[in-house]
Amino acid sequence: MMFDLLIRGASLPDGRRNQDIAVRDGRIIAVAPAITGEALEVIEACGNLLSPPFVDPHFHMDATLSLGLPRMNLSGTLLEGIALWGELRPTLTPEAVVERALRYCDLAVSKGLLAVRSHVDVSDPKLVTVEALLEVRARVAPYLDLQLVAFPQDGFYRGPDAEGALLRALDMGVDVVGGIPHFERTMDAGRASVEALCRIAADRGLRVDMHCDETDDPMSRHVETLAAQTVRFGLQGRVAGSHLTSMHSMDNYYVSKLLPLMAEAEMAAIPNPLINMMLQGRHDTYPKRRGLTRIPEMLAAGIPVALGQDCVLDPWYSMGSGDLLDVAHMAVHATQMGSVADKAKLFDAVTTVPAQVMGLDGYGLAPGCHADMVLLQARDPAEAIRLRPVRLKVIRRGKVIAETAPERSRLALEGRPDIVTPADYAPDALS
Ligand code: FE2
């Protein structure tokens, strides 16, 4: 049989070794050891890890790469970041937003990140950011799946006519309903916003992804409302709560009630470890809270956890590289999930789980899936998170769209090997 592409000798995230993957017409058609047949292109994986692409379920593509415009965030808080974005927003042109977003997508592709859910601010009634990101979504579609969330950054009730702007954005083709209940003026306004936004999603048959309880306040409990409204409107399986940092500070007894409510509502959680570690606990002296939500406990309760990046070089975060393995790496530390099995779960949290949360079609390595893959210079998910290694090949619909030379260092030390690679240091037993 003739294939368009044959990848030979790969390790897969589920632990299978020495697998061949055959591709035709942009789809995976077989996964098995020692596939025979001709192929237009052959990639020797040499035991390296072949994964479905990374998926970022929480990002702000309208703000990315704007660091320093018009000034830096001096306090480092979420609230100064929002104020700073409010200064920048009136100066934005669609051309500048498109140009930065396309540059970011290039970076994402080089890191094997081929699907992004981006919130898009709908607070400006001119909807410049919406117009720009809709154009970006269309332009990147051949190589990156971009899903957009209508995000009322200034508050659904706090901003002027935010409801009208949000509805117009959805009419224009934005995919998902967003919200920011902890930024409304009162707890009650926040509760009302969750209800109103879930109703809009139910009426339109859309998914929901709200920034929810992104605060250190243990009494910020919009996640409870979001779970209840999810059930009320029959939105089970279509709702995600992003950040949920207040859960870090909540009373343990209350959390023991809350987690089953979230599981019952089939809600997903989208923590953002890099940004949560950077922004939360800013009013603490010592000890300083980490602010990251309760990931191991959520996983134990059966709540899907997908990890997002949130920001790269913008008013909220002066770091970031488009690498979802940075996100997983931070999560290992901040959650103390250090075992091999834990790291495998966190690898899923930047690949298969966000794909499921976003409802991506044809995602995965099974026959019939889109031939979208990334070959990493690592043997397994635990090693991939530890090393955040080179993306040797990034493949979209069966075509290599990015490649990076393997990392090899040449040593000039007598009696030592001439060449070392990062994986040389890892005993097999640790992987
Ligand atoms: Fe966000």
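Whatever order the structure lists ligands and atoms in, that order sets their numbers, starting from 1. All values derive from a computational prediction rather than experimental measurement. Residue indices begin at 1 and follow the sequence shown.
In this structure, Phe151 and His119 have perpendicular ring planes: the angle between them is above 60°, well past the 30° mark.
Atoms of the protein (N, O or S only) found under 2.8 Å from the Fe ion (ligand 1) are His58 NE2, His60 NE2, His211 NE2, Asp310 OD1.
A side-chain donor-acceptor contact under 3.5 Å links Arg27 to the backbone of Gly368. One N or O on the side chain of Asp56 and one on the backbone of His58 form a donor-acceptor pair closer than 3.5 Å. Remark: the backbone N or O of Met61 is paired with a side-chain donor or acceptor of Ser118 at under 3.5 angstrom. Checked by atom type and distance alone, the side chain of Asn272 never pairs as donor or acceptor with a backbone atom of Ile275 at under 3.5 Å. The closest donor-acceptor contact from the side chain of Gln309 to the backbone of Gly322 lies under 3.5 Å.
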